[in-house]
Amino acid sequence: MNFAQIILPLNLKGTFTYKVPEDLMEKIEVGMRVLIPFGGKKIYTGIVAELFDEFEDSFVPKEIINLLDSQPIVPKQQLEFWNWMSSYYLCNLGEIYRFAFPSSLKLESETYVRLLSERTIDWQNLDANETYLLQALEVRQMLNLQEIEAFIPKKEIIKTINALIDERYISVDEKITEKYKAKEIAYLRINNEELKIKNSLAEIISSLKNARKQQELFLLILDKETENPEKPIRKSEIFDEGNFNNSQLKSLIEKKLVQEYYLEKDRIDSYEGELEEIEQLTENQKLAVSEINKAFQEDKNVLLHGITSSGKTHIYLEKIEDCVNSEKNVLLLLPEIALTKQITIRLEKKYGKKLGFYHNKLTDFERVEVWRKIKKNELQILIGTRNSLFLPFENLGLIIVDEEHDSAYKSRDSNFFFNAKDSAMMLAEFYNSRMVLGSATPSLESYDLAMKDKIRYVPLNERFGNVDVPKFEIIDVKEAQSQKKIIGNFSQKMVDEINLQLEHKKQSIILHNRRGYANVIECETCGHVTYCSNCDVVMTYHKSANELKCHYCGHRAGKPTTCPSCHGANLNTKGVGVEQIEEETQKIFSEAEVDRMDVDAMRKKFAYEKLYEKLENGETDILVGTQMISKGLDFENIELVVIPKADALIYVQDFRAEERAYQLITQVAGRAGRVSGEGKILIQTYNPSHSIFELIKNQNVKEIYDYFLDERKKFLYPPFVKLIMIELKHRKEDKLNRASQFLGSVLRKYIPEECILGPEKSPIARINNLYQYQILLKFPKNKNYKIYKELLSKSLEEFDEITAYKSIKRDFLVDF
DNA sequence: AGCACGCCGACT
DNA sequence: GTCGGCGTGCTC
């Protein structure tokens, strides 16, 4: 093959054509990494997407510099997956490639400055920066731009370098450096060759009699080797045990008596304890497993709808075991790795070294190691967050998406938007493998698919050990207020119930899903509130840090003591945050140990681990927290969950607000009475007649989902339509406004009016100094979707023709 | 995404 | 007058 289409790690449309040099023609394959020149002098690592022979175009392709792999590093299923993602989520292949790969696998050239020796330096005629740079280069012959930044201001670097190039003192070069380095550990061994030559051990030992320490060291190593010939002797271990120094060791090495050697070590320690068998299933669980098996035989994927603590994990384990037994691999997706200890511990004990983890907390080198192990098929089971969808699986047989409703699967930590749950379904298809979605509160979309038997619905309605489900009670705040039975944000009833738990040494959870102490600090005199300087939002008051924070850009400001506008001293807080609820709780239950769990409290190192311990040991009596507390806290001693301000969960302007409220409340409720079956949930609201509370209270799945489906049908939301949100952003509002209007008009030229909403200002009109506009597309779900999507692409091409609008940043949120 | 080229404001 | 700002265009 003479030519190749290459995916570059850049946010550019499509692929680029390169010529395959003669000597690589035999070796090159689709999915390999190649080194290619691009632009002026930059060198990037690209991926071979396609190979072909005929090439006819006006430009002359450059040549591939080299191959980086002897075998494809991206399996063809992954390439298919990338292509699908690119067209479905309207993003460039290069962005996907960049997101998919650990950066150490993407070599990139770096610009270096080098000292030329052809001219003697005339130090008199140099300015300060030039002098610094040349002096630095006399010490170290090569420097990269970052290193230079340390002693020359950023904006003066280019000038300085150019001046010195003109004087022919220096030159610039591009250099590629291998980033990944295996971690190596030093070991020692007796040099047996030498021993054979010398013929006598005693002779050697006596030869060292004038160097007592060396003799001692030699004997120690010899001792260890005889003791256990199989076990390598770590250098650090020797130095730990005896009082030796490096020069003594060096002498022994010079005398060829001892050898030092290195072995590569995994950065990730895998479990090496005893392996355990998995537990027996209950009758109910066995039934669910056989349902799943039946579905798989019919080539159907599964939605496992198991109520909280029904033992979905057991069923996963069973299916994982089946898959592993048939020599195939498993991917288990979790929303966040840190909050799901239980499941990982159990799997570790069953599979030990065959289990791998992949998530955002790993360092880049650790990612590379997992990547390689997956590639070499050393891991049979991978537990990971959504970025593990891109690992180079070879033989995937099963994908499990746990807590499939979780919004973390749609998190926006990548440049492009994608839903990991839906993507997993496609990935499963490309690998011809099966998939299980699991949740106690499935997303409406998955539930709808299941009802239509597009995926098989497998319910699991019994709590493990046949324990009772928690009981819900709705408390009318208005009524409590009129009867004067209210203390701050808590009704008397709520306080009594918590006291009851404290008496019985049981733990309680208080859910309040709003960060900070108060939503805003307001001046009573003039009404002034502090806005974030970068965003169009008011700043939230955090009492624990005693500062104002912007939850959108992270900007922080000191807490004002007087009004910044009228200098009045009458400042008041508005809107209750979780810190305030915590403070109030501590006041009311002064004897109790109260802890708070939210992103702010968990930011400190090991904060989560410490809190987890406290909860497990029963030291914490009352846990106050945001939605974070709905995940992973499976403790036996929690029996009460209270939600003092449940209305805040519902009146959010988002068509999914009620669905989320239902999921959150049900998930938190599931923490209560897991063993005793005495779980109790108290929900305080001003609107006890709101249907959502009635539905949550009854926990009748069909009723709840029918209600949601009705609402969505009425107002045309998913799953009845497909949504695409176009976000447009720019620093200049007028330009953005013009561009948005233009895009709106182009879209309306091709696509029916009723499918297009906007453009309009986003609810938060400015984030991080970027103004935000949005256009919402509601496309039909039938065959027309594809047609409309093509019309959208056509509109975008037309929009792109206006060069002035190229600087407008656009994001597409497909199925957001 | 980077990098070069080209046209307008604030400084020696 | 120049230096340096960023708006624009291009990269196989």
Side-chain angles (χ1 to χ4, degrees), chain A residues 1-21 24 28 30 32-67 86 91-101 103 106-113 127-130 144-146 148-149 152-166 172-176 414-416 729-736 738-739 769-771 797 799-811:
Chain A
M1 296 288 174
N2 294 307
F3 299 97
Q5 289 300 120
I6 306 294
I7 304 169
L8 298 188
L10 301 171
N11 190 6
L12 294 171
K13 212 171 165 187
T15 52
F16 288 78
T17 310
Y18 282 84
K19 186 162 178 3
V20 182
L24 298 181
I28 196 165
V30 168
M32 285 179 173
R33 291 178 302 158
V34 287
L35 235 39
I36 40 93
F38 189 72
K41 47 193 167 176
K42 274 272 165 190
I43 292 166
Y44 290 103
T45 305
I47 303 288
V48 182
E50 213 184 305
L51 289 165
F52 55 100
D53 271 321
E54 301 298 311
F55 175 78
E56 276 173 54
D57 220 322
S58 50
F59 64 86
V60 183
K62 290 185 179 171
E63 273 205 358
I64 290 170
I65 298 170
N66 212 347
L67 276 175
S86 162
C91 58
N92 288 322
L93 275 172
E95 289 180 278
I96 299 174
Y97 164 38
R98 255 165 35 134
F99 184 75
F101 266 61
S103 52
K106 294 170 296 196
L107 313 177
E108 221 175 274
S109 66
E110 215 177 350
T111 309
Y112 273 84
V113 175
D127 71 17
N129 284 335
E130 291 163 6
N144 69 24
L145 295 180
Q146 266 148 36
I148 297 169
E149 244 175 71
I152 297 181
K154 214 172 186 170
K155 51 179 185 172
E156 287 164 41
I157 290 181
I158 301 292
K159 196 180 107 192
T160 308
I161 290 174
N162 282 337
L164 292 174
I165 289 173
D166 287 347
V172 286
D173 258 332
E174 293 284 316
K175 197 181 148 188
I176 298 166
S414 52
N415 286 325
F416 55 99
K729 301 170 193 184
H730 197 267
R731 279 199 348 272
K732 301 230 169 74
E733 192 176 12
D734 54 337
K735 186 171 185 170
L736 175 62
R738 269 181 282 125
N769 285 322
L770 286 182
Y771 287 91
E797 271 168 38
F799 179 82
D800 282 341
E801 281 168 24
I802 313 295
T803 51
Y805 295 157
K806 281 242 165 85
S807 58
I808 307 272
K809 191 172 154 31
R810 302 166 320 187
D811 284 330

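Not measured: the values here are computed from a predicted model. Values below: every heavy atom of this structure, side chains too, minus hydrogens, waters and symmetry copies.
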Rounded to whole angstroms, how far apart are [atom1] on [X] and [atom2] on [N]?
X        : N      : atom1 : atom2 : answer
A/Phe52  : C/dC12 : CZ    : P     : 15 Å
A/Arg98  : B/dG2  : CZ    : P     : 7 Å
A/Ile808 : C/dC6  : CD1   : C1'   : 15 Å
A/Glu801 : C/dC10 : CD    : P     : 14 Å
A/Asn11  : C/dC10 : CG    : P     : 18 Å
A/Ile802 : C/dG7  : CD1   : C1'   : 16 Å
A/Leu8   : B/dG2  : CG    : C1'   : 12 Å
A/Ile157 : C/dG4  : CD1   : P     : 13 Å

With a 3.5 Å distance limit and no angle check, can you tell me whether [X] reaches the backbone of [Y] through a side-chain donor-acceptor pair?
X        : Y        : value
A/Asp127 : A/Asn129 : yes
A/Lys729 : A/Asp811 : no
A/Lys62  : A/Ile36  : no
A/Ser86  : A/Cys91  : yes

Check your understanding: Is there a side-chain polar atom (N or O) of A/Thr803 under 4.0 Å from OP1 or OP2 of C/dG9?
Key -> yes
Check your understanding: Using a cut-off of less than 4.0 Å, is there contact between a side-chain N or O of A/Lys42 and OP1 or OP2 of B/dC3?
Key -> yes
**Study point:** Upstream residue (5' side of DNA chain C) when A/Lys159 and A/Ala804 are each assigned their closest nucleotide
**Key:** A/Lys159
Which part of the nucleic acid, if any, lies within reach of [X] when heavy atoms closer than 4.0 Å are counted: base, sugar-phosphate only, or nothing?
X        : answer
A/Lys806 : nothing
A/Leu12  : base
A/Phe38  : base

So which nucleotide from [options] ends up closest to the side chain of [X]?
X        : options              : result
A/Arg731 : C/dG7, B/dA1, C/dT11 : C/dG7
A/Lys732 : B/dA1, C/dC12, C/dG7 : C/dG7
A/Leu10  : C/dG9, C/dG4, B/dA1  : B/dA1

Review point. Which of these, A/Ile6, A/Val34, A/Val48, sits in a side-chain contact (heavy atoms from CB on, under 4.5 Å) with A/Tyr18?
Key: A/Ile6
